[in-house]
Amino acid sequence: MTGPVSPAPPLLRARGLTRRFAIPKATLFEKARTSTALEDADLDVAEGSAVGIIGESGSGKSTLVRLLLALDAPTAGSVEFDGRRVDAAAGARALHWLRRDTGMVFQDPYASLDPRMSVGRIVAEPLWALGLGGDGEPGGEGRRARVQDVLRQVGLEPEMADRFPHEFSGGQRQRIAIARAIVHRPRLLVGDEPMSALDVTVRAQILDLLADLRRRDNLTLVLVSHDIGVVQNLCDEVVVMKDGRIVEEGPTEKVLLQPQAAYTRRLLASIPVIDPGSAAS
Ligand SMILES: Nc1ncnc2c1ncn2[C@@H]1O[C@H](COP(=O)(O)OP(=O)(O)O)[C@@H](O)[C@H]1O
Ligand SMILES: [Mg+2]
């Protein structure tokens, strides 16, 4: 029997995602209270697409992306990756499959790099953890070659592999974090303001790299960004967050040029937009 072909499920699907945090009691007798960082968020991300997440500080962007990758457990709701339920409580071993297919660039490029590890070890760590050999045969040489390759891709010298995080500028550390997040060729890259510390030239280079990975490897992107230029350049869809809720979402052009929510209009007005492409003439 040939029924209607059901559309491919999104690579990433979140339903009713909610995260509350306990507020520490000021006194022993105070009633326990919670704050809601994320409330009832639904999100679908198609394979190969790029979704930008914008919103003022404290609106729940980091909370959302951490839940998407099971770096935190939701109070309610669910996340599926490639049709498979992501369960943050299952532990590291059980999430091997998710780690294999995803990479994350954290908001703070310094805190996310182990200061005692050389850059080469930091970048190679996902390959070791996942038992991947890199480009060549399984084993150290393949890994080393892959690390040098990916350092070059983010515009760093391969020789930097032997140095340590404190020897680098904020922008260089952010590039190291990006190299680490893509070294194992994930299907999904999640970045929490992954380009905030980069100067204009390097940012352009990283934008090119990500666009290239999208074209060539069908990489899916979820990017939190304050930089509307980055979102405009890279993302097909935009999600706007306020006070832990998604208040608007849609195609990038539409959301940025004809925002429906009053909040989106205010947010966009508060961010300087440098966009030679669509500047009104
Ligand atoms: N670990 C935590 N404990 C308590 N509150 C938190 C925690 N993480 C985030 N929050 C709160 O949740 C809200 C959303 O935070 P976050 O997701 O970091 O926002 P954004 O990334 O948009 O700046 C904020 O009010 C923040 O203070
Ligand atoms: Mg954040």
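As the structure lists them, so they are numbered: ligands from 1, and atoms in each ligand from 1. We count residues from 1, following the sequence as given. Computed over heavy atoms, backbone and side chain alike; hydrogens, waters and symmetry mates excluded.
For R66, the heavy-atom gap to ligand 1 stays at 4.0 angstrom or more. Within the 4.0 Å heavy-atom shell around ligand 1 one does not find G55.
Vertex the Mg ion (ligand 2), arms ending at OE1 of Q107 and OG of S62: the angle is 80° after rounding to 10 degrees.
Protein heavy atoms are found less than 4.0 angstrom from atom 12 (O) of ligand 1. Within a 4.0 Å radius of atom 6 (C) of ligand 1, the protein contributes at least one heavy atom.
Of the protein's heavy atoms, F21 CE2, 3.4 Å lies nearest to atom 1 (N) of ligand 1. G58 O, 3.4 Å is the protein heavy atom nearest to atom 14 (C) of ligand 1. Of the protein's non-hydrogen atoms, the one nearest atom 22 (O) of ligand 1 is K61 NZ, 2.8 Å. In terms of protein heavy-atom proximity, atom 16 (P) of ligand 1 is closest to T63 OG1, 3.7 Å. Closest to atom 19 (O) of ligand 1 among all protein heavy atoms lies G60 N, 3.2 Å.
Taking a cut-off of under 4.0 Å to the non-hydrogen atoms of S59, the atoms of ligand 1 that pass are 19 (O), 20 (P), 22 (O). Below 4.0 Å from some heavy atom of S57 lie the following atoms of ligand 1, by number and element: 23 (O).
The 12-atom threshold is not exceeded at CD of E157, counting heavy atoms of other residues, nucleotides or ligands nearer than 6.0 Å.
Residues I182 and L68 do not share a hydrophobic cluster, defined by chaining ILVMFWY side chains whose heavy atoms lie under 4.5 Å apart.
Considering backbone and side-chain N/O of S62, one or more are found under 3.5 Å from N/O of ligand 1.
Put simply, the side chain of L43 does not reach to within 4.5 Å of the side chain of L17, judged on heavy atoms.
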